[in-house]
Amino acid sequence: EAQVTQNPRYLITVTGKKLTVTCSQNMNHEYMSWYRQDPGLGLRQIYYSMNVEVTDKGDVPEGYKVSRKEKRNFPLILESPSPNQTSLYFCASSPPRLAEIYNEQFFGPGTRLTVL
Amino acid sequence: AQSVAQPEDQVNVAEGNPLTVKCTYSVSGNPYLFWYVQYPNRGLQFLLKYITGDNLVKGSYGFEAEFNKSQTSFHLKKPSALVSDSALYFCAVRADTGRRALTFGSGTRLQVQP
């Protein structure tokens, strides 16, 4: 089944404790992206990647890192999480033609992160 | 900068009645417009898009949207609502040139009563 998976689905952590949220897609998509969803703000893009070893900042990159060493994986790293990073996070992927023109992305199920 | 406004936090409609979820946008250049739906505990699912051409766009599950350039709107519509349509709906926009990232609206919760 074609899908985007994220792990963990739920995470409660404390301020300053490094964490990684994994994202993996099995559709051989070049384009991958991370969003955070907050009430009243919709989805905001954190980082995106057009291909392996190619990443770029989205609208709200502060406090996050990403890497793209393989096409299928795009982990989101919080080096020193803070309470304002408590949010619902979504990973998405797309083949480049769709991403560049149509932006028809495939979303993962989401990771709910709470930073105490 | 591009932006999207969804003026209603929630829309309530009775099953069988027509529904409209409103969206207005602001973008430099020509817009690419999208609607996504989010069911509880799920990621977003693509519903439909407007890129160019006919102003009335048809999408999944019987939904359609009308692009109105003069009013900078892209309202989502369905002639007859189903209880199963109850979900959170997001409008999104990007310009036809430049940065590829979508800008999403804040979302509208659609509640269809039996």
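Naming convention: chains lettered A, B, ... in sequence-line order (proteins, then strands); numbering from 1 in each chain.
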TODO: Measure the OH-CG distance between A:Y35 and B:L44 for me, rounded to the nearest 0.5 Å.
DONE: 9.0 Å
Open item on the list: Test of understanding: clusters of I, L, V, M, F, W, Y form through side-chain heavy atoms closer than 4.5 Å, transitively. Do B:V11 and B:L88 belong to the same one?
Closed with: no
TODO: Find out whether A:Q37 and B:F104 are in side-chain contact, i.e. whether some heavy atom of one side chain is under 4.5 Å from a heavy atom of the other.
DONE: no
- [ ] Name, in order of residue number, those residues of residues 5-25 of chain A that have a heavy atom at a distance of less than 4.5 Å from a heavy atom in chain B; otherwise write 'none'.
- [x] A:R9, A:Y10
Task: For A:T55, all residues meeting side-chain contact (heavy atoms from CB on, under 4.5 Å), sequence neighbours excluded - done: A:S49, A:V66, A:R68, A:F74
TODO: For B:K22, look at atom NZ and say whether over 12 heavy atoms of other residues, nucleotides or ligands are found less than 6.0 Å away.
DONE: no
Task: A:G40 to B:S106 - nearest heavy-atom pair and separation - done: O-CB, 3.3 Å
Task: Residues, nucleotides or ligands: over 12 heavy atoms within 6.0 Å of B:R109 CZ - done: no
Open item on the list: In this structure, would B:L47 and A:F106 fall into the same cluster of hydrophobic residues linked by side-chain contacts under 4.5 Å?
Closed with: no
TODO: Look at the side-chain heavy atoms of Ile, Leu, Val, Met, Phe, Trp and Tyr, link any pair under 4.5 Å apart, and say whether A:Y47 and A:V60 land in one connected group.
DONE: yes
Open item on the list: I need the A:F107 CZ to B:F46 CZ distance, nearest 0.5 Å.
Closed with: 11.0 Å
- [ ] Return the option, out of B:Q6, B:R42, B:Q45, with the maximum number of heavy-atom pairs under 4.5 Å with chain A.
- [x] B:R42
Task: Toward chain B, the part of A:L43 with a non-hydrogen atom under 4.5 Å - done: both
Task: Minimum side-chain heavy-atom gap B:Q38-A:F90 below 4.5 Å - done: yes
Open item on the list: Between A:I46 and A:L78, is there shared hydrophobic-cluster membership here, with clusters defined by ILVMFWY side-chain heavy atoms closer than 4.5 Å?
Closed with: yes
Open item on the list: For residues A:L88 and B:Y39: do they belong to one hydrophobic cluster (side chain heavy atoms under 4.5 Å, members Ile, Leu, Val, Met, Phe, Trp, Tyr)?
Closed with: no
